[in-house]
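Below you will find the structure I want to go over with you.
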Amino acid sequence: MDVEKFQDDVYSITELLSEHLSPESTPKLNFVRQNLIEYYKKNLVKINHSILELICAAELISHGFSVDVEKPISDILVCDLFGKKGGDGTAIIEIETGFTPPEHALDTVDYYAARIISKIARYSKHCGKFSLATPVMNILPISDLFLLPPNARKSDNVKKLKKLCDRFYKNPQIKLEDIQNAHIHSVYLINTDKGFAKEIDPKMYLQMTKQLMNQSEIDL
């Protein structure tokens with residue numbers, strides 16, 4: 001564990017991000033940075049993921065949110081970023097890099113698709129605004145079912161997504177009603193080299209990626 005190198009890297013990205021924040025907002029980003037340093041000392045975070053968290057945190061902060069990282073939101077869930085604005089405005093961002101563990105080397109596509117479904121279903125009920133974030137070179141396999149309002153989602157399609165999740169998540173299983181009622185507000189595309197995250201509408205994101213997913217025979 002190289003704490004000094006970690007600190008140097010997070011200080012560098014924080015200085016870059018602070019150039020686009022107001023002076024009164026900079027302490028909010030410094031708070032996130034310090035928390036990540038403490039988590040790193042406990043071997044709870046990695047540098048690549050922490051950089052992504054700082055970039056997304058800066059984006060939320062620029063819109064008036066206060067941000068916490070690695071925040072418990074239930075007995076079993078810890079979210080990457082939790083933002084709070086005013087009295088009751090809340091936002092959660094979960095970062096996805098496309099990594100899958102070695103034990104899923106032969107079912108990587110299905111595992112990753114199930115993980116995206118499970119995150120939207122599990123996390124979105126804990127906030128007013130739920131978003132996924134990913135580096136620009138990764139593709140998120142988001143089901144277009146989540147573009148529909150809950151009362152317009154067909155039962156068979158909801159059950160299809162639950163069946164996929166049940167292959168990988170058994171304790172606890174993803175609840176049918178959580179898929180039925182889940183929502184995604186936006187997708188953040190993260191450019192680590194230039195230090196910014198671009199928020200886009202999930203419908204636009206799916207339009208951009210649908211052809212690639214179809215060509216790859218990802219059926220959601």
Side-chain angles (χ1 to χ4, degrees), residues 9-10 13 16-17 20 29 32 36 45-63 65 67-71 73 77-83 91-101 104-105 107-124 126-127 129-147 161 164-165 168-169 174 179 182-220:
D9 287 346
V10 294
I13 190 65
L16 175 64
L17 295 169
H20 304 286
L29 187 61
V32 174
L36 287 170
V45 297
K46 304 294 184 184
I47 184 57
N48 53 343
H49 197 266
S50 296
I51 294 298
L52 298 173
E53 287 183 307
L54 280 165
I55 293 173
C56 288
E59 180 65 19
L60 283 178
I61 290 168
S62 72
H63 288 89
F65 285 86
V67 180
D68 202 355
V69 287
E70 305 299 325
K71 179 178 174 63
I73 54 174
L77 292 180
V78 176
C79 68
D80 290 333
L81 295 102
F82 185 88
I92 287 175
I93 298 179
E94 275 295 298
I95 296 169
E96 279 294 340
T97 61
F99 172 80
T100 51
H104 293 291
D107 55 8
T108 299
V109 174
D110 282 354
Y111 173 82
Y112 192 40
R115 188 166 74 195
I116 297 300
I117 295 165
S118 74
K119 285 205 167 184
I120 299 173
R122 284 178 167 167
Y123 286 84
S124 66
H126 293 285
C127 60
K129 172 184 172 182
F130 175 76
S131 303
L132 289 168
T134 193
V136 292
M137 60 281 196
N138 185 45
I139 295 177
L140 297 171
I142 300 173
S143 171
D144 54 12
L145 176 136
F146 295 115
L147 300 182
L161 297 191
L164 176 59
C165 287
F168 304 100
Y169 298 96
I174 308 299
I179 297 176
H183 61 91
I184 179 167
H185 182 271
S186 62
V187 174
Y188 287 89
L189 300 180
I190 309 170
N191 187 319
T192 51
D193 296 21
K194 296 184 178 180
F196 72 88
K198 172 72 172 179
E199 184 181 19
I200 65 173
D201 180 81
K203 183 176 181 180
M204 181 183 295
Y205 183 80
L206 279 178
Q207 289 173 345
M208 292 165 51
T209 59
K210 194 70 171 178
Q211 186 173 357
L212 288 172
M213 291 173 63
N214 288 341
Q215 290 293 321
S216 302
E217 299 185 15
I218 299 175
D219 180 21
L220 293 174

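Values reported hereafter were calculated over all heavy atoms of this structure, with side chains retained and with hydrogens, waters and symmetry mates removed.
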Neighbour count >12 (heavy atoms, 6.0 Å) for atom CG, Asp219:
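Result for CG/Asp219: open.
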
Search all heavy atoms of Ile55 against all heavy atoms of Asn191 and return the closest pair with its distance.
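Shortest heavy-atom contact: CD1-O, 4.2 Å.
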
Side-chain contact test, heavy atoms from C-beta onward, threshold under 4.5 Å: evaluate it for Ile117 versus Leu145 and give yes or no.
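No; the side chains remain at least 4.5 Å from each other.
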
For a 4.5 angstrom cut-off between non-hydrogen side-chain atoms, does Arg122 reach Tyr169?
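Heavy-atom side-chain distance check passes, below 4.5 Å.
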
If you define the side chain from C-beta out and look only at heavy atoms, does anything of Ile190 sit under 4.5 Å from Cys56?
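Touching, per the 4.5 Å side-chain cut-off.
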
How far apart are the closest heavy atoms of Lys119 and Ile95, and which atoms are they?
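Of all heavy-atom pairs spanning Lys119 and Ile95, the closest is NZ-O, 4.0 Å.
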
Report, as yes or no, whether the 6.0 Å neighbourhood of atom CE on Met208 holds more than 12 heavy atoms from other residues, nucleotides or ligands.
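Yes, because the 6.0 Å sphere around CE of Met208 holds more than 12 heavy atoms from other groups.
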
Nearest non-hydrogen partners of Val32 and Val69, listed with the distance:
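Closest heavy-atom pair between Val32 and Val69: CG1-CG1, 3.6 Å.
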
Pairwise distance CD1(Ile73) to CD1(Ile92) - rounded to 0.5 angstrom:
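These two atoms lie 4.0 Å from each other.
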
Approximate separation, where rounding is to 0.5 Å, of Ile179 CD1 and Phe146 CZ
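Rounded to the nearest 0.5 Å, the CD1-CZ separation comes to 6.0 Å.
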
Determine whether a donor-acceptor pair (N or O, by modelled atom type, separation under 3.5 Å) exists between the side chain of Glu59 and the backbone of Phe196.
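No.
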
NE2 on His49 to CD on Glu70, rounded to 0.5 Å:
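Going from CD on Glu70 over to NE2 on His49, the span is 6.5 Å.
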
Can you tell me how far the CG atom of Leu132 sits from the CD1 atom of Ile93, to the nearest 0.5 Å?
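Taking CG in Leu132 and CD1 in Ile93, the distance rounds to 9.5 Å.
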
Where His183 and Cys127 come nearest, the two heavy atoms and their spacing
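Looking at all heavy atoms of both residues, the shortest contact is NE2-O, 3.6 Å.
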
If you look at every heavy atom in Ala182 and Ile120, which pair is closest and at what distance?
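Here Ala182 and Ile120 meet closest at CB-O, 3.6 Å.
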
Any sub-3.5 Å donor-acceptor pair from Asp107's side-chain atoms to Asp110's backbone N or O?
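A pair under 3.5 Å: no.
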
If we only count heavy atoms from C-beta on, is the Tyr188 to Leu60 side-chain gap below 4.5 Å?
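Contact flag for Tyr188/Leu60 side chains = yes.
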
Around Lys210, counting heavy atoms of other residues, nucleotides and ligands shown, do more than 12 lie under 6.0 Å from its NZ?
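Yes, NZ of Lys210 has more than 12 neighbouring heavy atoms, counting only those of other groups under 6.0 Å.
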
Evaluate the side-chain proximity of Leu54 to Val10: yes if any heavy-atom separation is below 4.5 Å, no if none is.
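Heavy-atom side-chain distance check passes, below 4.5 Å.
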
Look at the rings of Tyr111 and His104 and say which category their plane angle falls in: under 30° parallel, 30 to 60° tilted, over 60° perpendicular.
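Answer is parallel, since the angle falls under 30°.
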
Backbone N/O of Val78 and side chain of Tyr123: donor-acceptor pair under 3.5 Å
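Yes; at least one donor-acceptor contact below 3.5 Å.
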
Under the side chain to side chain contact (heavy atoms under 4.5 Å, CB included) rule, what do Leu220 and Leu164 come out as? Steps first, then yes or no, please.
CA-CA 10 Å; Leu220 293 174; Leu164 176 59; 4.0 Å; yes

Could you check if a side-chain atom of Pro135 sits within less than 4.5 angstrom of a side-chain atom of Leu52, using non-hydrogen atoms only?
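Answer yes - side chains close enough.
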
Between atom CD1 of Ile116 and atom CD1 of Ile139, what is the distance when rounded to the nearest 0.5 Å?
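It comes to 12.0 Å.
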
Are Thr134 and Leu189 side-chain neighbours, meaning at least one heavy-atom pair lies under 4.5 Å?
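A side-chain contact exists here, since the closest heavy-atom pair is under 4.5 Å.
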
Taking Ser131 for its side chain and His185 for its backbone only, find out whether a donor-acceptor pair lies under 3.5 Å.
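Looks like no, no N/O pair under 3.5 Å.
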
At their closest point, which heavy atom of Asn138 faces which heavy atom of Glu96, and how far apart are they?
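Scanning both residues, the minimum pair turns out to be ND2-O, 3.7 Å.
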
Just verifying a value: how many Å separate Ile142 CD1 and Leu147 CG, rounded to the nearest 0.5 Å?
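Interatomic distance, Ile142 CD1 to Leu147 CG, rounded to 0.5 Å: 8.0 Å.
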
